[in-house]
There are 2 protein chains.
Amino acid sequence: MSRIPGRVPTTPPTLADVAELAGVSRQTVSNAVNNPDLLRADTLERVQQAIDELGYSPNRAARNLRTRASHLIGLRINAAQEGTANALMDRFVHSLVETSREAGYHVLLFAADHQDPLSGYDDLLRSTAVDAFVITDTYLGNPQAAWLETRRAPFVAFGRPWGVEEPRHPWVDVDGAAGSELATTHLLDRGHHRIAWIGWRRDSWIGEDRRAGWSRALRARGLPTTGLASRVEDTVASGREASAVLLDEAQPSAFVCASDTLAMGVLHTLAERGLVPGRDVAVVGFDDSQVAQVVPPGLTSVRQPLEDVAVEVVKALEGLLGHPPYVGPGVLLAPTLAIRGSS
Amino acid sequence: MSRIPGRVPTTPPTLADVAELAGVSRQTVSNAVNNPDLLRADTLERVQQAIDELGYSPNRAARNLRTRASHLIGLRINAAQEGTANALMDRFVHSLVETSREAGYHVLLFAADHQDPLSGYDDLLRSTAVDAFVITDTYLGNPQAAWLETRRAPFVAFGRPWGVEEPRHPWVDVDGAAGSELATTHLLDRGHHRIAWIGWRRDSWIGEDRRAGWSRALRARGLPTTGLASRVEDTVASGREASAVLLDEAQPSAFVCASDTLAMGVLHTLAERGLVPGRDVAVVGFDDSQVAQVVPPGLTSVRQPLEDVAVEVVKALEGLLGHPPYVGPGVLLAPTLAIRGSS
DNA sequence: CCCGCCGACTTGATCGTTCCAACGACAGCA
DNA sequence: TGCTGTCGTTGGAACGATCAAGTCGGCGGG
């Protein structure tokens, strides 16, 4: 078991190597790593030295096998939508990786099979490759959450379980209504009275939630909403058309949009008509994508606190994977507004 | 070892369970999974049935421990730069996940410690958590590649090893010079004669490479380049300032930029002066970010074939991890041009 | 007829760690 | 002195897979 001195080892040092060098048993080294307070101070010191000298790091596979845990979190990555402004995932993934590292977890990415969106989950679950999942698409009708619940797989959702009475899984979400209310109130404070809404189709719960914030803000000032709202697909072209129609028929002086993608559509219309965003017409988007940050003259946008979302998600994961497992209530976070030239 | 019939197993089925059900030995089941052609047709059939019936999937940890391989690829994710247009990583990550899945690998994300950029690598390496790395930042002076080489860690670089004579590691890159040459030639064909360049600082190899394509295209038509180039930081503000100066001093009718971020800076300057991109002044960016796709009137941009890069990276990984390991020559791919309203 | 070979499958050992039961030393108490 | 309990440590077994070596029956050739 001992290594030939002066020779570069071809395999990494093991627990047994450290034990031999420190003159203790394997279990004592294991305790030094996992339960240091079980050792006497001088023994711990000696073992620590041996660990440092050999550059020992516990073999992941062996530990996983014995403890039946992988310390990996599965995250499905969706095909990047071309032609939309949504860079949400990028920021969230980074925050999640950063936060889970501090909790001792790594993030495992996997792609969905196009025919069977659940196959990826099933595979990782049965081969015990991950301890838990983080799911991000919780629009209604998404089978993931329900399926994972029946499989008793631990998971945390970024997004409310819309339309489900009593969810048995933890979730974290951002208050979309509060976000668009923030945006609308900001425009009202700037003196706008006719503020239009461009959102998503009525069957989108997220879209209706965000829309509610807009109408709430207008009603709070006794302003009407009729004729000022439009519900379309989440594409630049849809936003362009919808804003053109609204400008002709309702003459709004400002737009609040359910996404930066739609807001970019509004900017297209303004450019075509020679109108300057922020001077002639105000525009506010949603998600604070990179697009919003760099497009002239800067697009005011509702910013989701993704760093905080990641923190809450990891907290929920730790509860879920604890002994005994703990499922806390859902967490709803408040967004902020990034104000730029377009308002 | 046998399961109580009619009861839901609390632990996943193992090789031994399958073996018992099929009436064969463990090794035979293992062969059925990994070397099916070693079995007689009828035996294979019987084992397959048992596997399906139990829903068996090999335990990852056990397999990893025995084979000393994790079938995981480590990818470091950098902090998303706020205020830039770079969505390159997003697309590449997705392609890499997709491609490596087909090769039987998963992607493990990790974050760099801010103090010690190598700590993440070291940790994963020593605990044998990943089989190989994919590294993406190969600007000169980046210690990753050199460090990984001394550790004899298998890795593939997306990006040429600039300034290194004989790299001992595989790499895949996109021909930046060809990209800006493509962009410049496109503008020349549209009748532009005075085409300016906005690129990065002289010590950026990537920037100088891209710049070379621009000057090559101009010289091929006998056109001068003097006074038409600017080298700045990769920010929107720098692009804005540089383009303002160039417009005043050299009156170019078109801009080719080393990044979409810089191109957005040009659009800012045009907007401030009431000039319309594509009509009054043409602009071409680099990377085909989401910004380029949605900004009015659409930003023409050099598009890197990231899907192909991922394929080549995974090919190189398979060679690297094969028996015996094979290190092929570097691969250089040609970009394309996504033409939009700005030219 | 016997030997060697080959195909198909089985058996025991092993990867590196953690869990479990047991161990010796020592102290407290009767 | 002897019993009991605690503390720090030990050795053996187990996690679930694969590797290496071995078994067994059948077939062909000298």
Side-chain angles (χ1 to χ4, degrees), chain A residues 1-3 9-47 50-51 54-71 104 126-129 131 323, chain B residues 1-3 9-48 50-51 54-71 104 125-129 131 323:
Chain A
M1 264 303 162
S2 78
R3 319 220 155 265
T10 57
T11 66
T14 73
L15 206 72
D17 298 325
V18 177
E20 196 185 13
L21 182 62
V24 294
S25 71
R26 298 192 317 274
Q27 183 62 33
T28 302
V29 179
S30 176
N31 284 338
V33 174
N34 301 311
N35 304 80
D37 44 340
L38 287 181
L39 301 201
R40 232 172 28 215
D42 59 330
T43 317
L44 180 59
E45 169 73 17
R46 199 151 35 97
V47 175
I51 289 177
L54 293 178
Y56 167 76
S57 202
N59 181 303
R60 228 87 162 191
R63 171 179 279 183
N64 294 349
L65 174 59
R66 188 66 246 228
T67 60
R68 299 166 174 282
S70 65
H71 281 266
R126 290 194 311 191
S127 59
T128 62
D131 291 347
H323 300 286
Chain B
M1 264 306 158
S2 78
R3 317 220 156 266
T10 56
T11 66
T14 73
L15 205 73
D17 297 325
V18 177
E20 196 186 11
L21 181 62
V24 294
S25 70
R26 297 191 320 270
Q27 184 60 38
T28 303
V29 179
S30 176
N31 285 337
V33 174
N34 300 312
N35 304 80
D37 45 338
L38 287 182
L39 302 202
R40 229 170 35 211
D42 59 332
T43 317
L44 181 58
E45 169 74 15
R46 200 150 35 95
V47 175
Q48 269 301 347
I51 288 177
L54 293 177
Y56 167 76
S57 203
N59 180 304
R60 235 64 167 209
R63 173 179 278 182
N64 293 351
L65 174 59
R66 187 67 246 231
T67 60
R68 297 165 175 283
S70 65
H71 282 265
L125 207 51
R126 289 195 312 191
S127 59
T128 61
D131 291 347
H323 299 285

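Quick note on labels: first sequence line is chain A, next is B, and so on, each numbered from 1. Small disclaimer: the values here were computed from a predicted structure and weren't measured.
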Check: B:Ala129 main-chain N/O paired with B:Ser70 side-chain donor or acceptor under 3.5 Å: yes
B:Asp37 side, atom CG; B:Leu39 side, atom CG - distance, nearest 0.5 Å: 8.5 Å
Approximate separation, where rounding is to 0.5 Å, of B:Thr128 OG1 and A:Arg60 CZ: 8.5 Å
Where B:Arg46 and B:Ala22 come nearest, the two heavy atoms and their spacing: NH1-O, 2.6 Å
Considering all heavy atoms, the nearest B:Asn64-B:Ala69 contact: OD1-O, 2.9 Å
Partners meeting side chain to side chain donor-acceptor pair (under 3.5 Å) with [X] (sequence neighbours left out):
X	answer
A:Thr67	none
B:Gln27	B:Asn31
B:Asp42	B:Arg40
A:Thr28	A:Ser25

Difference in axis direction between the ends of the helix from C:dC1-D:dG30 to C:dA30-D:dT1, five pairs, 10°: 60°
When the distance from [atom1] of [X] to [atom2] of [N] is rounded to whole Å, what number comes out?
X	N	atom1	atom2	result
A:Leu15	C:dT17	CG	P	5 Å
B:Leu65	C:dC15	CG	C1'	4 Å
B:Asn64	C:dT14	CG	C1'	16 Å
A:Glu20	D:dT10	CD	P	13 Å
B:Leu54	D:dA17	CG	C1'	16 Å
B:Asn59	D:dT18	CG	C1'	13 Å
B:Asp42	C:dG7	CG	C1'	13 Å
A:Arg68	C:dC19	CZ	C1'	12 Å

With sequence neighbours excluded, residues passing side chain to side chain contact (heavy atoms under 4.5 Å, CB included) with A:Ile51: A:Val18, A:Val33, A:Val47, A:Gln48, A:Tyr56
Minimum-distance nucleotide (side-chain atoms of B:Ser30 versus C:dG16, D:dT18, D:dA17): D:dT18
Between N or O atoms, less than 3.5 Å apart, protein on one side and nucleotides 10-12 of chain C on the other: list the pairs.
residue: C:dT10; atom: OP2; partner: B:Ser25; partner atom: N; Å: 2.8
residue: C:dT10; atom: OP2; partner: B:Ser25; partner atom: OG; Å: 2.8
residue: C:dT10; atom: OP2; partner: B:Thr28; partner atom: OG1; Å: 2.5
residue: C:dG12; atom: O6; partner: B:Arg26; partner atom: NH2; Å: 3.2

Distance-only donor-acceptor test (3.5 Å): side chain A:Arg66, base C:dT17: no
From CA spacing to verdict: side chain to side chain contact (heavy atoms under 4.5 Å, CB included), B:Thr14, B:Asn59: CA-CA 8 Å; B:Thr14 73; B:Asn59 180 304; over 6 Å; no
Sort me out a list of protein N/O and nucleotides 5-8 of chain D N/O pairs below 3.5 Å, or just none if empty.
none

Sugar-phosphate, base or nothing in reach of B:Asn34, heavy atoms under 4.0 Å: sugar-phosphate
